[in-house]
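Accompanying notes for the structure given below.
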Amino acid sequence: MATSSDGLCGIGELAERAGVTVKTVRFYSDRGLLPEAARSAGGHRRYGPEALERLRTIRSLRALGLSVPQVRRIVDEEDGTGGGGRAGGALEAAVAGQLRELGSELRALRWREAALRLVQECPPGERAGRLRLIGAVSVPPSTAPLVRFWRGWLPARIPARSADAFLDVAVPRPPDDPTPAQLLAFARLNALTLAPCPGTGRYQPEAHRAAGPRGAAVLYAGLAEAYELAGAHLRRGRAPHPGEALDGFVTAYTSAYGVRDTPGFRRVLAGRLAADPRLDGYWELVAEVITPPGGRPEPTPGTAHDWLLAALTAQTGTPEPDQGTPPRR
C-alpha cells in the first residue's frame, strides 16, 4: 500500500485506497481503532501497511450495524489485546446481539404492517374503533396486561412455580408474523384484560378458591395434564366422552380437596363447575391468536375445560351449562 521510502502512507492516500473520506479515517484514528504508525515532521499522520486491511475490517463491521465499542472489542481481540477471551468470541457475541435486535425490529415491522392492513381492509365505519384497539397495543406486542389479569385471578398465595406454569398456557405468545385477523384478536384480548373490572378476584371459580393455596397448586398441575389429554381429542374432532382425560380432570379436584372420586362427587363437581363464571370470550380470542391462518382452531385451556365439563355432565346426567349466555369475565 505504502509508496514512500519508509513504507508508510499519509491519511489522504489511505482514505483514497479504502474508498472513504479523510474525515472517516481521522474519526477511527481519534478513537483508537486505527492507530497511526508515526507522524511526519509537519505533524501529519502516517500509517503502516496493515492499516488498509484494518480499515476495511472496521468498515465491514460497521456495515453490519455494530457500534464503535463493539468494533473496538473485536479488533482488540484480533490484536491479542482484548483480555485473553476466546478467539472470535467478541465477534460472535456482537453478531448474535445484532441478530436479536434485528429480529425484534422485523417483528415490530410485521405487526405494523398487519395493523396497516387491518385499517385498510376494514369498512370505513369501523376504522375509528379498530384504531383505538390497535393503538393500545405496543409494538412489538407485550403480554404484560394479560399476565397482570391472570395474576389477579389466580388464588392468593399460590406457589410461584404453579402460577408460572399456569401463565405459560393461559397467556398466548403473539405470533411473529401476524395476519390482520390475529392482530385484531390480540388487540381485543389486550382490551379485555385492560378494561375496568372491579373485584376481579370474585370471578375466580368457586371450585378453585375452595382448594386453597396448597390445593390450588395440585389442582392446576392436574388440570394441565387433563387439558393436554382433552386437547388431543379436540384436534381429532372427537366428541366429549368418558376416559383417561375425564378421569384425570376429576382426579385433579379430588387430589386438591383430599376426597375420594365417587359418582356423588362427580355430580356435585359437575354442578359446581357449570355454575362457575366463564371466560369463554378470552379463550375464543386466544384460539384466534395462536391458530395459524387457515388452520383448525388450536385447543386452549378454555376449550379443553368445556370438552371435559361436557363429558362430565353427560356422564353424571347434570344439566349442561347455558352456552347461549354472553361470556363473562
Side-chain angles (χ1 to χ4, degrees), residues 146-172 193 197 199-234 238 240-283 286-287 299-323 327-329:
L146 283 64
V147 171
R148 284 195 298 270
F149 171 80
W150 283 111
R151 288 200 181 279
W153 186 90
L154 289 167
R157 299 183 302 281
I158 184 174
R161 182 180 297 179
S162 300
D164 291 342
F166 176 82
L167 291 172
D168 283 343
V169 296
V171 176
T193 56
C197 188
T200 301
R202 67 187 175 88
Y203 289 93
Q204 184 190 107
E206 178 60 33
H208 294 196
R209 285 203 302 269
R214 289 179 179 273
V218 175
L219 174 61
Y220 285 119
L223 289 178
E225 295 179 8
Y227 290 161
E228 186 174 349
L229 292 171
H233 293 303
L234 282 163
R238 293 175 179 171
H241 60 272
E244 183 182 4
L246 179 57
D247 291 343
F249 183 63
V250 175
T251 298
Y253 286 98
T254 58
S255 298
Y257 296 160
V259 298
R260 291 188 304 111
D261 180 2
T262 65
F265 174 80
R266 292 197 176 209
R267 283 192 296 273
V268 171
L269 179 63
R272 181 179 291 176
L273 293 176
D276 267 334
R278 303 175 65 78
L279 290 161
D280 296 348
Y282 180 93
W283 297 118
V286 167
T300 67
T303 54
H305 180 89
D306 288 345
W307 190 95
L308 291 162
L309 179 55
L312 183 61
T313 54
Q315 184 185 63
T316 59
T318 53
E320 289 274 357
D322 184 1
Q323 300 291 337
R328 292 182 289 167
R329 287 180 55 197

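We're numbering straight along the sequence, starting at 1.
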Looking only at non-hydrogen atoms, find the nearest pair between [X] and [Y] and report the distance.
{"X": "A256", "Y": "V218", "value": "N-CG1, 4.1 Å"}
{"X": "A245", "Y": "A226", "value": "O-CB, 3.9 Å"}
{"X": "A217", "Y": "S162", "value": "CB-OG, 3.2 Å"}
{"X": "H305", "Y": "L273", "value": "CE1-CD2, 4.3 Å"}
{"X": "A230", "Y": "W307", "value": "CB-CE3, 3.9 Å"}

Exercise for the section: Please round to the nearest 0.5 Å and tell me the distance separating atom OG1 of T251 and atom CG of L219. Expected result: 11.5 Å
Practice task
Supply the atom-to-atom distance D247 CG to T254 OG1, rounded to the nearest 0.5 angstrom.
Solution key: 10.0 Å
Quick one: are [X] and [Y] in side-chain contact, heavy atoms under 4.5 Å?
{"X": "F149", "Y": "V171", "answer": "no"}
{"X": "F249", "Y": "L229", "answer": "no"}
{"X": "I158", "Y": "Y220", "answer": "yes"}
{"X": "L167", "Y": "R151", "answer": "yes"}
{"X": "V259", "Y": "Y253", "answer": "no"}
{"X": "P172", "Y": "L146", "answer": "yes"}
{"X": "R266", "Y": "L246", "answer": "yes"}

Handout entry: side chain to side chain contact (heavy atoms under 4.5 Å, CB included) evaluation trace for L308 with L223
Key = CA-CA 10 Å; L308 291 162; L223 289 178; over 6 Å; no
Exercise for the section: Taking atom CD of E228 as the centre, report whether more than 12 heavy atoms of other residues, nucleotides or ligands fall under 6.0 Å from it. Expected result: no
Problem - Verdict with supporting geometry, T193 and W150, side chain to side chain contact (heavy atoms under 4.5 Å, CB included) - result: CA-CA 9 Å; T193 56; W150 283 111; 5.8 Å; no
Exercise for the section: Using atom types as modelled and distance alone, determine if a side-chain donor or acceptor of W283 lies under 3.5 Å from a backbone N or O of A304. Expected result: no
Problem - Test item: T316 side-chain N/O and L312 main-chain N/O as donor-acceptor pair under 3.5 Å - result: yes
Problem - Aromatic plane relationship, F166 with W153 - under 30° parallel, 30 to 60° tilted, over 60° perpendicular - result: parallel
